[in-house]
Amino acid sequence: MPVAASAIYFLNLRGDVLINRTYRDDVGGNMVDAFRINIMQTKELGTCPVRQIGGCSFFYMRISNVYIVIVVSSNANVACAFKFVVEAVTLFKSYFGGAFDEDAIRNNFVLIYELLDEIMDFGYPQNLSPEILKLYITQEGVRSPFSSKPSDKPVPNATLQVTGAVGWRREGLVYKKNEVFLDIVESVNLLMSSKGSVLRCDVTGKILMKCFLSGMPDLKLGLNDKIGLEKESQLKSRPSKSGKTIELDDVTFHQCVNLTRFNSEKTVSFVPPDGEFELMKYRITEGVNLPFRVLPTIKELGRTRMEINVKVKSVFGAKMFALGVVIKIPVPKQTAKTSFQVTSGRAKYNAAIDCLVWKIRKFPGQTEPTLSAEVELISTMAEKKSWTKPPIEMEFQVPMFTASGLRVRFLKVWEKSGYNTVEWVRYITKGGSYEIRC
Amino acid sequence: MSGHDSKYFSTTKKGEIPELKEELNSQYKDKRKDAVKKVIAAMTVGKDVSSLFTDVVNCMQTENLELKKLVYLYLINYAKSQPDLAILAVNTFVKDSQDPNPLIRALAVRTMGCIRVDKITEYLCDPLQRCLKDDDPYVRKTAAICVAKLYDINAELVEDRGFLDALKDLISDNNPMVVANAVAALAEIQENSSRPIFEITSHTLSKLLTALNECTEWGQVFILDALSKYKAADAREAENIVERVTPRLQHANCAVVLSAVKMILQQMELITSTDVVRNLCKKMAPPLVTLLSAEPEIQYVALRNINLIVQRRPTILAHEIKVFFCKYNDPIYVKMEKLEIMIKLASDRNIDQVLLEFKEYATEVDVDFVRKAVRAIGRCAIKLERAAERCISVLLELIKIKVNYVVQEAIIVIKDIFRRYPNTYESIIATLCESLDTLDEPEAKASMIWIIGEYAERIDNADELLESFLESFPEEPAQVQLQLLTATVKLFLKKPTEGPQQMIQVVLNNATVETDNPDLRDRAYIYWRLLSTDPEAAKDVVLAEKPVISDDSNQLDPSLLDELLANIATLSSVYHKPPDAFVTRVKTAQRTEEDDYPDGSETGYSESPSHAVDSGASPPATSTNAPYAAARQPSPVSPAQVPDLLGDLVGLDNDNSNNAIVSIDQPTVPAGPPLPVLLPASSGQGLQISAQLIRRDGQIFYSLLFENNSQIPLDGFMIQFNKNTFGVAAAGPLQVPQLLPGTSARTLLPMVLFQNIAPGPPSTLLQVAVKNNQQPVWYFNDKFSLLVFFTEDGRIERSTFLETWKSLPDSNEVSKDFQGIVVNSVETTLDRLTSSNMFFIAKRKHANQEVLYLSAKIPRGIPFLIELTAAVGIPGLKCAIKTPSPEIAPLFFEAIEILLKS
């Protein structure tokens with residue numbers, strides 16, 4: 001049964017109900033108490049997001065300082081329920097202008113009730129596209145708290161758009177200047193062993209799109225991925241041009257992309273929603289260009305002293321540079337004193353997270369700064385127990401660089417009025433979970 | 001921008017309710033709206049504002065949509081507590097349902113459906129009927145869900161008013177969202193009804209597959225979930241379906257992906273071409289891996305499902321083990337699940353890498369995770385023979401770190417490794433003994449003691465080691481005491497010298513006189529008796545060779561796995577329990593007389609199923625370590641029968657109750673004894689149907705007799721079976737020629753099992769629907785006997801019988817007394833049982849009673865171990881059975897009663 005929820009609760013960290021909505025009669029009104037007593041107030045919190053208490057099951061997620069709890073008593077679709085929560089939060093954020101926390105909920109509770117009534121019916125998720133919902137769920141109070149005019153202006157065919165085949169775009173948009181912005185954002189995930197061998201490495205990328213296009217345009221996107229190129233050359237019966245092609249392990253698309261067509265022709269064609277959205281996500285594991293190599297050496301000198309040397313090598317082009325590089329080097333809890341030298345950037349010891357934090361604001365390509373530190377430890381009475389070493393973690397951003405080598409080859413826009421569009425493309429690579437064991 | 005609603009939460013000091021009342025009745029619209037908002041705010045924080053019902057409802061008739069919605073919200077919450085006042089709202093609802101604005105029409109119907117007050121429900125029908133045929137798709141999609149709401153309140157009303165047909169019409173609607181909601185509503189109604197309401201034909205299938213391309217992401221989930229119940233006719237159809245579903249794997253919504261995976265896996269069962277299957281496996285891997293980059297909660301759901309998927313199709317992710325490597329910052333519940341899957345995917349090819357990972361995890365902070373990592377190493381050793389040595393050396397390295405809980409966990413798994421590979425790795429015992437005095441957990445202690453006892457002859461100072469434990473014997477937990485007892489006996493048998501002899505005196509004394517624990521006492525007495533009468537026999541028993549263990553922990557039973565895979569993405573797949581194990585909701589539709597089970601058998605299924613997986617961390621193979629070799633005879637000794645006079649009377653009364661079914665022991669032949677009439681001519685417009693499920697030549701048939709007493713020829717017979725406990729269904733079409741008036745036809749319809757398994761407690765009810773071209777569809781109920789399912793290969797070897805009996809927990813034993821049965825001759829009884837595929841194994845005498853042991857099997861190899869106790873010629877028979885599926889016991893008793901009574 002694809003039912004996702006019998007009731008939904010928004011709780012603050014103390015367990016007070018901020019909002020609750022019951023969709024089905026099969027759960028009691030006091031189930032939230034069971035959640036509070038059996039999960040929130042125990043050590044169980046955070047050990048498992050799906051739990052059964054009595055005849056009911058609870059799914060919960062924490063988002064900023066709010067717990068969102070779904071209660072069911074049937075064999076509900078859990079995947080559906082969690083995805084619904086994620087999407088609902090995105091929707092609320094887009095209504096509140098970005099923030100989603102306890103205050104935002106209290107300040108917009110009427111709106112949230114209204115939205116909750118609209119986006120789920122009898123436990124079945126309905127249309128959650130912010131673009132469409134904003135057509136007919138408006139809170140004039142949100143914009144100007146003192147206005148008191150009823151907002152009953154008729155919304156022509158709003159209902160048709162909610163249920164329409166293109167349920168994510170409204171008709172009749174007009175822009176003076178037709179523009180499309182494409183952002184290719186890649187996160188490199190790395191897990192490297194202490195011996196320097198790559199245990200796991202992949203890139204998760206997403207293509208974010210911002211569309212300001214009139215009418216109902218049809219778009220087609222071409223990338224330098226292997227399958228797409230092969231299919232294309234096959235269709236046009238001419239050999240594909242040489243050049244770097246990459247192999248995408250998996251792609252997932254926004255609901256606007258025609259999946260059947262992608263499956264048969266390997267082209268990404270779609271009618272985009274208006275404004276900003278995530279067009280696609282992809283994953284690549286082969287041929288990843290790691291932007292940084294980290295070479296740590298940690299020596300324990302006796303029981304109270306350690307020597308740490310970390311060399312970080314940037315392996316992208318010399319003309320490019322990385323921004324906001326942060327390297328967190330873990331040290332034992334009983335660290336008493338640290339002293340270090342760095343050849344670039346700044347380093348300090350952060351006792352709250354038991355790390356040496358080394359920051360380099362601008363990090364040019366083909367360089368290799370080093371940090372050498374000496375750590376003094378408080379000698380403890382505890383028996384000699386080897387220190388559990390968390391990995392070195394690294395954050396960074398490298399503009400105009402893709403770790404996967406992905407490039408946008410073309411973006412074609414068709415609209416019956418035949419206007420010209422301007423396309424902008426940006427690339428950026430970020431550190432995802434970039435972990436080096438030591 | 002941000003709202004300022006929080007002001008509504010601030011309360012005025014005194015007399016809040018009267019003040020609100022006044023404001024609600026204000027002449028100013030804005031004041032009224034603010035007041036309603038304050039009421040809703042009060043309701044949210046849990047204050048009782050039901051006393052304002054009339055005042056709030058008075059605000060309902062407004063042009064302001066926002067205000068109207070708030071009033072409706074209030075109504076949904078309080079209508080139930082004020083049913084009489086709720087009627088005040090009906091007029092506005094009915095009026096709103098005819099409003100020119102479709103949003104208001106839909107809102108009215110949606111809200112009315114949420115108000116579960118009988119009086120309102122009556123008024124809902126007319127607006128709902130209109131809205132189902134509304135011009136606006138938004139109204140229709142809302143009305144479709146509303147039918148499901150109404151069905152939940154009053155199923156009869158929905159059927160009487162023809163809403164089901166209207167709903168079915170919506171499947172052909174031109175708007176995809178209406179289609180999707182109609183499918184969701186129908187699927188839910190079907191789930192709560194035992195009648196066939198929503199059957200997916202190949203026609204609806206293709207329509208829905210087309211709608212899949214156009215509807216919203218959620219709609220796709222509804223449709224995929226409904227279609228996953230569809231059984232393709234053959235491999236070709238299955239391939240076609242799969243081809244149209246695979247594009248969904250690329251969807252960004254995880255629920256769509258998982259539902260698509262579910263459907264593909266279901267259809268794959270039918271696909272025979274290995275190429276196609278291989279290709280599909282290849283296609284499913286990447287989307288599954290991608291789910292692991294979603295929010296941790298979604299990752300958790302995905303991992304629980306992947307755990308099931310790799311059990312059925314290990315090839316899908318065989319090369320992807322790296323994606324399950326734990327990140328340092330993964331939440332603990334994600335790490336635990338990843339670990340479980342890593343063990344499942346570990347192979348000779350990747351074991352080195354996997355071991356390095358496990359070793360890394362064993363040094364992390366979270367104690368539970370560390371323990372699980374250590375256990376994982378042991379489980380890999382047991383699973384992969386060639387890697388066992390490497391696993392051991394990793395464990396030894398970990399022991400050297402001397403972290404207490406790591407050492408203890410390592411000892412527990414090493415004990416299992418010794419069991420799996422006897423006489424191979426004993427050289428490490430010395431290292432283990434070094435940690436002896438740090439052990440403080442019962443399981444670790446028990447394991448260490450077991451090792452010492454088992455290898456007493458190779459450990460020079462085994463007696464000293466054991467003695468060190470003996471001092472605290474009375475304070476130890478039962479687990480440790482039992483091991484100490486056995487280990488001491490082993491030591492004595494292996495080294496019958498003075499020291500051990502003294503020890504054994506101490507232990508036996510402690511374990512018999514000084515203990516309250518019956519298990520310990522019984523075991524001690526058995527050892528004592530053995531040692532004092534025949535030490536050689538004691539050796540044979542205590543030092544007997546032990547069966548080989550394997551790592552089957554957390555491996556699910558195939559039939560359960562089937563059921564769970566059919567429930568991918570749902571709660572059932574996360575809990576790894578079948579839905580009826582945690583859903584307690586009673587079906588609203590027909591209850592059958594089958595709900596009454598024979599007395600005394602409830603114990604069998606009031607407990608949760610034995611295979612339920614409670615936690616991923618359940619200890620592997622540890623239950624096998626206790627050498628219960630002492631118990632050579634089946635332990636249950638049936639107590640002397642207590643005559644029960646009342647039972648006698650009841651027994652006599654019961655005599656005829658079940659005889660509607662002809663006894664099964666004589667296989668029915670078409671010309672043989674009459675079949676029971678299931679559809680009498682009087683209720684079948686002249687058509688009479690008699691039928692019975694029979695077994696012949698190892699095959700199950702439905703033997704049917706059609707008699708046409710009507711005035712017209714009947715043709716085009718078809719048959720359909722509703723879901724039932726064993727999933728009995730027709731293997732082919734029903735072959736009945738045209739029946740002229742006054743003629744009859746007999747047929748044997750071959751049957752298959754496990755097609756459409758009904759959840760819920762087992763029952764012998766078989767619901768059948770038969771139709772022909774001339775008459776309406778006939779529904780009738782049949783009852784089958786469990787004996788029909790007993791397979792010809794049910795004979796079990798004596799030794800296997802004993803082992804199986806021992807290996808099953810006592811909770812799997814169910815027994816029942818039949819006061820009305822007289823066994824006049826053991827031979828004839830056995831003959832009769834054998835003819836029903838219950839096979840004789842052994843017999844013994846107990847006082848004046850005969851005790852017979854028999855075995856039988858139902859398909860999928862589920863054994864029944866049967867113990868019959870009766871005194872020849874005296875009424876009364878006690879039947880005890882032990883089986884992995886004790887929930888079926890009532891059906892067994894029902895069948896055996898009929899068999900032995902006649």
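Numbered from 1 within each chain, the chains take letters A, B, ... in sequence-line order. Treat the numbers as computed from the prediction; the structure is a model and nothing was measured.
- At a 4.5 Å heavy-atom cutoff, the contact between A/Ser433 and chain B is made by side-chain atoms alone.
- B/Lys262 has a carboxylate O that lies under 4.0 Å from a charged side-chain N of B/Asp225, or vice versa, which qualifies the two as a salt bridge.
- Residue B/Asn253 touches chain A through both its backbone and its side chain, counting heavy-atom pairs closer than 4.5 Å.
- Note on A/Met280, A/Gln52, A/Lys281: by heavy-atom pairs under 4.5 Å with chain B, the leading option is A/Gln52.
- Under the 3.5 Å distance criterion, the side-chain polar atoms of A/Asn75 are matched with a main-chain donor or acceptor of B/Ser572.
- In this structure, chain B has no heavy atom under 4.5 Å from any part of A/Val32.
- Each of A/Ile119, A/Val89, A/Asn77 was checked for a side chain to side chain contact (heavy atoms under 4.5 Å, CB included) with A/Phe84, and the lone residue meeting it is A/Ile119.
- Using a 4.5 Å cut-off between heavy atoms, B/Gln220 makes no contact with chain A at all.
- In this structure, the portions of A/Lys83 lying under 4.5 Å from any heavy atom of chain B include both its backbone and its side chain.
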Practice problem: Evaluate the criterion side chain to side chain contact (heavy atoms under 4.5 Å, CB included) for residue pair A/Ile284 and A/Asp202; output intermediate values, then yes/no. | Solution: CA-CA 6 Å; A/Ile284 292 167; A/Asp202 62 73; over 6 Å; no
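- For the options B/Ile145, B/Val301, B/Ile568, heavy-atom pairs under 4.5 Å to chain A are most numerous at B/Ile145.
- Residue contact with chain A, scored on non-hydrogen atoms closer than 4.5 Å, is absent for B/Arg140.
- Contacts of B/Pro287 with chain A are made by both backbone and side-chain atoms, with heavy-atom separations under 4.5 Å.
- Within the 3.5 Å criterion, the main-chain N or O of A/Arg24 finds no donor-acceptor partner in the side chain of A/Ser6.
- Interface remark: of the candidates A/Ala99, A/Ser57, A/Gly55, A/Ser57 forms the most heavy-atom pairs closer than 4.5 Å to chain B.
- Of the N and O atoms on the side chains of B/Asn213 and A/Arg261, not one donor lies less than 3.5 Å from an acceptor on the other residue.
- Proximity to chain A (any heavy atom under 4.5 Å) is restricted, for B/Glu364, to the backbone atoms N, CA, C and O.
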Practice problem: Check the pair B/Tyr333, B/Glu337 against side chain to side chain donor-acceptor pair (under 3.5 Å), reporting the backbone distance first and the verdict last. | Solution: CA-CA 6 Å; B/Tyr333 53 84; B/Glu337 294 306 319; over 6 Å; no
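- Counting heavy-atom pairs under 4.5 Å between each of B/Val45, B/Ile76, B/Asn181 and chain A puts B/Asn181 at the top.
- The aromatic rings of A/Tyr136 and B/Tyr138 sit perpendicular to each other, their planes meeting at more than 60°, with 30° as the lower class boundary.
- Only the side chain of B/Cys114 comes within contact range of chain A, judged by heavy atoms closer than 4.5 Å.
- With a 4.5 Å cut-off on non-hydrogen atoms, B/Phe582 touches chain A through its backbone and its side chain both.
- Under a cutoff of 6.0 Å and an axis angle of 45°, A/Lys266 and A/Phe262 form a cation-pi pair.
- Only the side chain of A/Val86 comes within contact range of chain B, judged by heavy atoms closer than 4.5 Å.
- For a residue to count as touching a neighbouring chain, one of its non-hydrogen atoms must lie under 4.5 Å from one of that chain's; by this rule B/Ala180 does not touch chain A.
- For B/Thr142, the parts lying under 4.5 angstrom from a heavy atom of chain A are both the backbone and the side chain.
- Neither the backbone nor the side chain of B/Ala294 comes within contact range of chain A; no heavy atoms are under 4.5 Å apart.
- Judged purely by atom type and a 3.5 angstrom limit, B/Tyr74 has no side-chain atom pairing as donor or acceptor with the backbone of B/Met43.
- B/Thr216 contributes a side-chain N or O that, together with a main-chain N or O of B/Gly219, makes up a donor-acceptor pair within less than 3.5 Å.
- Listed options B/Arg116, B/Glu297, B/Glu357 were ranked by heavy-atom pairs under 4.5 angstrom with chain A; first place goes to B/Glu297.
- With chain B as the partner, the residue from A/Phe253, A/Phe59, A/Tyr23, A/Tyr60 showing the most heavy-atom pairs under 4.5 Å is A/Phe253.
- Residue B/Asn329 touches chain A through both its backbone and its side chain, counting heavy-atom pairs closer than 4.5 Å.
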Practice problem: Before giving the answer on side chain to side chain donor-acceptor pair (under 3.5 Å), spell out for B/Asn64 and B/Thr62 the whole-Å C-alpha distance, their side-chain angles and the decisive distance to 0.1 Å. | Solution: CA-CA 5 Å; B/Asn64 186 315; B/Thr62 168; 5.5 Å; no
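- We find that B/Lys141 and A/Asp121 are not joined by a salt bridge, their nearest charged nitrogen and carboxylate oxygen being 4.0 Å or further apart.
- In terms of heavy-atom pairs under 4.5 angstrom with chain A, the leader among B/Arg244, B/Arg248, B/Glu360, B/Gln353 is B/Glu360.
- For the pair A/Arg21 and A/Tyr113, the cation-pi criterion (under 6.0 Å, within 45° of the ring axis) is not fulfilled.
- A salt bridge is absent between B/Lys69 and A/Asp117; no separation between the charged side-chain nitrogens and carboxylate oxygens falls under 4.0 Å.
- If you measure heavy-atom distances from A/Glu278 to chain B, you find no contacts under 4.5 Å at all.
- Residue contact with chain B, scored on non-hydrogen atoms closer than 4.5 Å, involves the side chain of A/Val72 exclusively.
- For B/Leu73, the part lying under 4.5 angstrom from a heavy atom of chain A is the side chain only.
- Contact annotation for B/Val256: neither backbone nor side-chain heavy atoms come within less than 4.5 Å of a heavy atom of chain A.
- Using a 4.5 Å cut-off between heavy atoms, B/Lys149 touches chain A through backbone and side chain atoms alike.
- Proximity to chain B (any heavy atom under 4.5 Å) is shown, for A/Ile105, by neither the backbone nor the side chain.
- If you tally non-hydrogen atom pairs under 4.5 Å between each of B/Thr290, B/Ile332, B/Thr111, B/Leu107 and chain A, the highest count goes to B/Thr290.
- Using a cut-off of 4.0 Å between Lys/Arg side-chain N and Asp/Glu carboxylate O, B/Lys29 and B/Glu63 are scored as not salt-bridged.
- Only the side chain of A/Glu435 comes within less than 4.5 Å of a heavy atom of chain B; its backbone N, CA, C and O stay farther away.
- Within the 4.5 Å cutoff, the side chain of A/Arg437 has no heavy atoms near those of the A/Ile392 side chain.
- Judged by distance alone, the side chain of A/Arg283 and the main-chain N or O of A/Leu248 form no donor-acceptor pair under 3.5 Å.
- Contacts with chain B were tallied for A/Val17, A/Val85, A/Val50, A/Thr252; A/Thr252 has the most, counting heavy-atom pairs under 4.5 Å.
- For CD of B/Glu243, the number of neighbouring non-hydrogen atoms (other residues, nucleotides, ligands) closer than 6.0 Å is 12 at most.
- Per-residue counts of heavy-atom pairs under 4.5 Å with chain A were compared for B/Glu295, B/Glu217, B/Arg110; the largest is that of B/Arg110.
- A/Asn263 touches chain B through its side chain: at least one heavy atom from C-beta onward sits under 4.5 Å away, while N, CA, C and O do not.
- A/Leu191 touches chain B through its side chain: at least one heavy atom from C-beta onward sits under 4.5 Å away, while N, CA, C and O do not.
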